[in-house]
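In what follows, every chain begins at residue 1, and chains take the letters A, B, ... in the order their sequences are listed. Not measured: the values here are computed from a predicted model.
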Protein chains: 2
Amino acid sequence: MEYEQLKLDNQLCFRLYTAARLTMGAYHPYLDPLGITYPQYLVLLVLWEQDKQPVNDIAHKLLLETNTVTPLLQRMEKAGLVKRTKGKEDTRQRIVSLTKKGIEMREQAKHIPECLSDEIIQITGEEEEFVRMIPSLDKLIEGLKKQQTNQ
Amino acid sequence: MEYEQLKLDNQLCFRLYTAARLTMGAYHPYLDPLGITYPQYLVLLVLWEQDKQPVNDIAHKLLLETNTVTPLLQRMEKAGLVKRTKGKEDTRQRIVSLTKKGIEMREQAKHIPECLSDEIIQITGEEEEFVRMIPSLDKLIEGLKKQQTNQ
DNA sequence: CAAATTTATATCGTTCACGATGCAAAAGTA
DNA sequence: TACTTTTGCATCGTGAACGATATAAATTTG
């Protein structure tokens with residue numbers, strides 16, 4: 001069948017696309033009570049690990065463009081989670097730092113990863129299978145990242 | 001470290017989220033010349049396999065909500081790729097069918113899956129590793145789907 | 001040092017993605 | 001048959017994601 005490939009290959013990309021959407025959905029019960037979204041949670045994770053970072057560093061760690069991260073941070077600032085101040089050495093930079101509310105949310109979010117792990121294990125029976133997927137995903141991400149920046 | 005988990009678990013979800021975005025990005029060079037987006041390409045794949053389907057069937061196959069698919073189809077209709085007609089048996093339904101342009105695009109898109117496979121192989125060295133990921137992703141998707149509809 | 005280039009962020013426009021809500025048609029129930 | 005519920009789709013509002021473009025500050029170059 002000439003068009004058989006059209007069905008077949010979407011396998012990987014379509015599944016990644018779907019799995020990503022559904023796992024993000026699995027965060028909803030935990031993030032909704034905190035009033036944050038999954039991408040906002042990612043920003044908090046980055047800042048909890050190291051406070052006071054310029055927009056660029058945050059974007060780079062999340063592999064997002066700054067024009068995605070800037071509005072995200074603006075919404076988080078409006079929500080009182082972070083504040084954005086001008087950089088002292090390089091005044092082009094905007095240094096993003098956690099507010100009291102942003103710092104305190106760490107405590108409330110402490111159990112989310114554990115809850116989600118448990119949920120995935122409960123849903124799928126075993127954990128190892130998914131732990132094994134991680135290096136493959138990293139390899140794919142690393143390769144695609146290079147592909148898209150170099151050329 | 002009390003907060004160690006916060007870093008660790010994002011492993012899976014963050015990687016899925018990132019891998020999905022980047023692989024969708026890898027479609028750009030092939031879809032841009034056709035003037036379609038990745039979700040629109042997915043809709044076309046569904047219709048190429050079987051023409052004339054109600055909105056609901058398309059949404060169900062893509063695991064998307066109808067309120068995502070409806071605007072998507074409206075844009076595709078405006079672009080002249082599909083038309084949407086009222087259902088005859090059930091007049092609530094909107095039957096989506098391919099236009100001449102939509103049918104002809106199949107020929108132009110024929111090689112996309114092959115190109116993408118090649119690219120992934122070239123980027124990452126081997127194919128098997130990613131073929132092996134597919135059943136795991138299916139298991140995850142299936143489980144999360146149940147979780148989110150049942151409760 | 002002045003001019004050109006790069007860098008850090010912001011803004012704009014378009015397209016998803018989805019919760020909430022609305023509405024009309026179909027299906028089920030009394 | 002009248003009434004209630006469900007179903008199929010549409011609309012609205014919000015938050016990503018990102019390409020394109022803008023702007024000011026830093027850096028490089030001549």
Side-chain angles (χ1 to χ4, degrees), chain A residues 14 17-29 31-32 35-43 53-60 62-79 81-82 84-96 144-145 148-149, chain B residues 14 17-29 31-32 35-43 53-60 62-79 81-82 84-96 144-145 148-149:
Chain A
F14 176 62
Y17 162 76
T18 304
R21 282 189 305 105
L22 294 181
T23 47
M24 279 174 63
Y27 277 87
H28 262 115
L31 297 181
D32 285 355
I36 58 175
T37 64
Y38 181 71
Q40 290 175 9
Y41 173 64
L42 291 179
V43 170
Q53 294 188 55
V55 175
N56 225 7
D57 288 18
I58 297 172
H60 190 254
L62 300 179
L63 300 181
L64 290 167
E65 304 297 319
T66 61
N67 57 358
T68 298
V69 175
T70 292
L72 192 55
L73 291 170
Q74 287 168 342
R75 284 186 289 270
M76 291 177 76
E77 186 171 43
K78 213 194 300 185
L81 293 166
V82 301
R84 304 179 307 141
T85 55
K86 279 219 188 291
K88 281 166 190 170
E89 293 151 32
D90 188 334
T91 62
R92 290 173 304 180
Q93 288 185 336
R94 285 281 221 163
I95 307 298
V96 183
L144 289 168
K145 208 170 55 176
Q148 283 169 31
T149 51
Chain B
F14 175 62
Y17 161 76
T18 304
R21 280 190 305 107
L22 294 181
T23 46
M24 279 174 64
Y27 277 87
H28 262 114
L31 298 182
D32 285 356
I36 58 175
T37 63
Y38 181 71
Q40 290 174 10
Y41 173 64
L42 291 180
V43 169
Q53 296 189 54
V55 176
N56 225 7
D57 287 19
I58 297 172
H60 189 255
L62 300 179
L63 300 181
L64 289 169
E65 304 297 320
T66 61
N67 56 359
T68 297
V69 175
T70 292
L72 192 55
L73 291 170
Q74 287 169 342
R75 285 186 289 269
M76 292 178 75
E77 187 171 41
K78 213 193 300 186
L81 294 166
V82 301
R84 304 178 307 139
T85 53
K86 279 218 185 291
K88 281 166 188 169
E89 294 152 30
D90 188 334
T91 63
R92 290 172 305 181
Q93 288 186 335
R94 285 281 221 164
I95 308 297
V96 182
L144 289 168
K145 209 169 57 177
Q148 283 169 31
T149 50

A.B. asks: Nearest heavy atom decides the nucleotide; on that basis, is B:Leu22 or B:Leu73 closer to the 5' end of DNA chain D?
C.D. replies: B:Leu73

A.B. asks: Rounded to whole Å, how long is the line connecting atom CE of B:Met76 with atom P of C:dT14?
C.D. replies: 19 Å

A.B. asks: Using a 4.0 Å cut-off to any heavy atom of chain A, which nucleotides of DNA chain D are the first and last in contact, reading 5' to 3'?
C.D. replies: D:dG15 to D:dA26

A.B. asks: Taking only N and O in the side chain of B:Gln74, is any of them less than 4.0 Å away from OP1 or OP2 of C:dT15?
C.D. replies: no

A.B. asks: Quick one: A:His28 NE2 to C:dG19 C1', roughly how many Å, whole number?
C.D. replies: 8 Å

A.B. asks: With DNA chain C as reference, determine whether A:Arg21 or A:Asp90 sits nearer its 5' end, using the nearest nucleotide of each.
C.D. replies: A:Asp90

A.B. asks: Roughly how far, to the nearest 0.5 Å, is OG1 of A:Thr70 from CD of A:Glu65?
C.D. replies: 11.0 Å

A.B. asks: Can you tell me how far P of C:dT11 sits from CG of A:Leu72, to the nearest Å?
C.D. replies: 14 Å

A.B. asks: Using a heavy-atom distance cut-off of less than 4.0 Å, which residues of residues 64-71 of chain B contact DNA chain D?
C.D. replies: B:Thr66, B:Asn67, B:Thr70

A.B. asks: How many angstroms lie between CD1 in A:Ile58 and CG in A:Leu42, if you round to the nearest 0.5 Å?
C.D. replies: 11.5 Å

A.B. asks: Under 4.0 Å between a side-chain N or O of A:Arg94 and OP1 or OP2 of C:dA8?
C.D. replies: no

A.B. asks: What integer distance in Å separates A:Ile58:CD1 from C:dA8:C1'?
C.D. replies: 13 Å

A.B. asks: Can you list everything that forms a side chain to side chain donor-acceptor pair (under 3.5 Å) with A:Gln93? Sequence neighbours excluded, please.
C.D. replies: none

A.B. asks: Do B:Gln53 and B:Val96 come close enough that some side-chain heavy atom pair is under 4.5 Å?
C.D. replies: no

A.B. asks: Need to verify one output field. Residue with the more 5' nearest nucleotide on DNA chain D, A:Thr91 or B:Asp57?
C.D. replies: B:Asp57

A.B. asks: Using a 3.5 Å distance criterion without hydrogens, assess whether the side chain of A:Tyr27 forms a donor-acceptor pair with backbone atoms of A:Thr37.
C.D. replies: no

A.B. asks: Would you compute the distance between atom CD of B:Glu77 and atom CD of B:Gln74 and round it to the nearest 0.5 angstrom?
C.D. replies: 8.0 Å

A.B. asks: By nearest nucleotide on DNA chain C, pick out whichever of A:Arg84 and A:Arg92 is the more 5' one.
C.D. replies: A:Arg92

A.B. asks: Hey, is the main chain of B:Arg94 close enough, under 3.5 Å, to the side chain of B:Arg84 for a donor-acceptor pair?
C.D. replies: no

A.B. asks: Whole angstroms only, please: what is the CD1-P distance between B:Ile36 and C:dC16?
C.D. replies: 10 Å

A.B. asks: Provide, to the nearest angstrom, the distance between the CD atom belonging to B:Glu89 and the P atom belonging to C:dA26.
C.D. replies: 11 Å

A.B. asks: Rounding to a whole Å, what distance do you find between A:His60:NE2 and C:dT9:C1'?
C.D. replies: 16 Å

A.B. asks: In whole Å, I'd like the distance from the CD atom of B:Gln40 to the P atom of C:dT15.
C.D. replies: 8 Å

A.B. asks: Is the backbone N or O of A:Leu63 less than 3.5 Å from a side-chain atom of B:Arg21, with the two atoms forming a donor-acceptor pair by type?
C.D. replies: yes

A.B. asks: With rounding to the nearest 0.5 angstrom, report the CG to CG distance, B:Asp57 to B:Leu62.
C.D. replies: 11.0 Å

